[in-house]
Amino acid sequence: MPKPLSYPAFAFRLLLLAGAVGLLAGLGTYRWAPAAYTPALGSVAFATGLALVVYRIASGGLLKAPVQFVGAVMGGMALKVLGSLGCVAVVVYAYRPVAVPLVVVYFSAHVVFTAFEVWALLNNLRANSKTGPVAHT
C-alpha cells in the first residue's frame, strides 16, 4: 500500500521534475529560438508555481474534508486553467515573434506537471481508501 505523499515531499519531487523540464526547455529554446530562452524558463517556473498551488488546494481538500475532495480538485483545476490561459495570453502578446516556441514549452510543462499531480493525488486517495465495498448513504 503506497504511503500518502506529503506536501513537502510533493514539492521536492515537483521541483526536481521542474529542473529537468526547465533544462530541456532551456536547451531546446537556446538551440532553436534563442530569443525565447529566458521567457521559456519563466513560463516553466510559472507552471511549477501553479502546480504547487493546485496540489496544495486538492490535497488539503482530501485531508480536511474528504467529502468535498472533488470540489477542491475541480476548483484547483479551474484556477490552473485560468492561470494557464492568462500566462499564454501574456506570452503571446509580449513575445509575439517567439510565441509559438514559448506556448509549446509552457503547455509541455503544463502536461507533465498535471500528470505528476494526478499521480500524487491518486497515491493519496489510494492510501486513504478503505478496503472492501463502501456503503453510500
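Model, not experiment: these values are computed from the prediction.
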Just how far is it from atom [atom1] of [X] to atom [atom2] of [Y], taken to the nearest 0.5 Å?
X: Met77; Y: Ile57; atom1: CE; atom2: CD1; value: 10.0 Å
X: Phe10; Y: Glu117; atom1: CZ; atom2: CD; value: 5.0 Å
X: Tyr95; Y: Ser43; atom1: OH; atom2: OG; value: 9.5 Å
X: Cys87; Y: Lys80; atom1: SG; atom2: NZ; value: 12.0 Å
X: Phe113; Y: Ser108; atom1: CZ; atom2: OG; value: 10.5 Å
X: Leu23; Y: Tyr30; atom1: CG; atom2: OH; value: 13.5 Å

* Asked: Does the separation of the ring centres of Phe116 and Tyr55 fall below 6.0 angstrom?
  ->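 No; Tyr55 has its ring centre 6.0 Å or more from that of Phe116.
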Taking all non-hydrogen atoms of both residues into account, name the closest pair between [X] and [Y] and its distance.
X: Val44; Y: Ala25; answer: CG2-CB, 4.1 Å
X: Ala47; Y: Tyr106; answer: CB-CE1, 3.7 Å
X: Ala35; Y: Pro39; answer: O-CD, 3.9 Å
X: Val73; Y: Ala58; answer: CG2-CB, 3.9 Å

Cluster check [X], [Y]: I/L/V/M/F/W/Y, side chain < 4.5 angstrom:
X: Leu27; Y: Leu17; value: no
X: Val21; Y: Leu50; value: no
X: Val53; Y: Phe46; value: no
X: Val118; Y: Leu121; value: yes
X: Leu79; Y: Leu82; value: no

* Asked: Angle class for the His110/Phe107 ring planes (parallel below 30°, perpendicular above 60°, tilted otherwise)?
  -> perpendicular
* To do: Give a yes-or-no answer on whether the side chains of Ser59 and Tyr7 include a donor-acceptor pair shorter than 3.5 Å.
  => no
